[in-house]
Amino acid sequence: MKRLKRADLPVDTATLAYFLIGKSLVRDAAEGRTSGRIIETEAYVPGDASGHAYGGETDRNRSLFLRRGHAYVYLIYGMHFCVNVSSERPGIGAGVLLRALEPIDGVAIMQARSRVHRAADLARGPGRLTQAMAIDRRLDGIDLCSRSSLWLASAARPPGRVATSVRIGISKERCRLLRFYEAGNPHLSGPSALRK
DNA sequence: TATGCGATATTCT
DNA sequence: GAATATCGCATAG
């Protein structure tokens, strides 16, 4: 499993969202290493009214404006965290939401962090993903292409067919096909119609 | 399987 | 006040 370099990452948001399918996300914490295969992403492109960067840079969304490959972590619905990968040139706000992982390393650690019953649900959905990987606001702004405690790595196994769909849980810009996922993977989130 | 709802904090209007 | 890139539990079919 090799660390991804920034030069490996496409500069365009939607292209990055597609590129990340099959790649690995690795978390090194006190309890040990956890990692997973990225199987579901969503692109929040420049000028997208549903994106958090829409309306300009603030204290909260600053990380979306960093050079591509940085983490943007935020609290949603008062109780869950979500993590994005910043995706454009410095000063342009956009990101790729990581929605689901197929767990690889440290499954027992993930289970200890989570209250989910089924193993397939451990990192299924953006809130469960951050719970299983112990990701919170303290990791906001870190460089996922550096030697940090959260980083991107090459694919443990190449992806199968990558499909697109509408994005989940938004009310604006609902028609755009900016969700990317490995078709048929049992660890996908969303309704069954959006997993084929 | 599908739909509905409450929990809960931060940001925006 | 309202909205929110969610989740887990409840209930109905």
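To find a chain, count down the sequence lines: A is the first, B the second, and so on, and within it residues start at 1.
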Between Y44(A) (OH) and dT4(C) (P), how many Å, whole number?
12 Å
Once you round it to whole Å, what is the distance between P of dA5(C) and CZ of R99(A)?
11 Å
Is the gap between the ring centers of H52(A) and Y74(A) under 6.0 Å?
yes
Starting at CZ of R124(A) and ending at C1' of dC7(C), how long is that distance when rounded to a whole Å?
12 Å
Close N/O contacts between protein and nucleotides 9-13 of chain B (under 3.5 Å):
residue, atom, partner, partner atom, Å
dA9(B), O4', G78(A), O, 3.3

Side-chain contact, heavy-atom cut-off 4.5 Å: N84(A) with V96(A)?
no
Should P46(A) and E88(A) count as side-chain neighbours, where that means a heavy-atom distance under 4.5 Å?
yes
Can you tell me the distance, in whole Å, between the NE2 atom of H80(A) and the P atom of dT6(C)?
9 Å
Stems in DNA chain B, runs of 3 or more consecutive Watson-Crick or G-U wobble pairs with both distances under 3.5 Å, sorted by first number, are B:1-7 with C:6-12, B:9-12 with C:1-4
N or O in side chain of R115(A) less than 4.0 angstrom from dC7(C) OP1/OP2:
no
Rounded to whole Å, the OH-C1' distance (Y74(A) to dT8(B)) equals 16 Å
Does L16(A) reach the side chain of L9(A), with side-chain heavy atoms less than 4.5 Å apart?
yes
Rounded to whole angstroms, how far apart are CG on L122(A) and P on dC7(C)?
13 Å
Contact summary for F19(A) and L4(A), nearest pair of heavy atoms
CE2-CD1, 4.1 Å
Is the closest side-chain heavy-atom distance between R179(A) and E40(A) below 4.5 Å?
yes
Kindly work out whether a path of hydrophobic side-chain contacts (I/L/V/M/F/W/Y, heavy atoms less than 4.5 Å apart) joins I21(A) to L178(A).
no
What is the separation between atom CZ on F81(A) and atom C1' on dT8(B), rounded to the nearest whole Å?
12 Å
Approximate separation, where rounding is to 0.5 Å, of L194(A) CG and Y181(A) OH:
6.5 Å
R118(A) CZ - dC7(C) C1' separation (whole Å)
14 Å
Verify side chain to side chain contact (heavy atoms under 4.5 Å, CB included) between Q131(A) and V116(A), making sure each step is shown before the conclusion.
CA-CA 10 Å; Q131(A) 178 88 30; V116(A) 156; over 6 Å; no
So which of residues 171-196 of chain A are in contact with DNA chain C, with a heavy-atom cut-off of under 4.0 Å?
S171(A)
Only one of E182(A), K23(A), H187(A) passes side-chain contact (heavy atoms from CB on, under 4.5 Å) with R37(A), and that residue is E182(A)
D8(A) and K5(A) ion-paired at < 4.0 Å
no
With a non-hydrogen cut-off below 4.0 angstrom, is I170(A) in contact with a base, only sugar-phosphate, or nothing?
sugar-phosphate
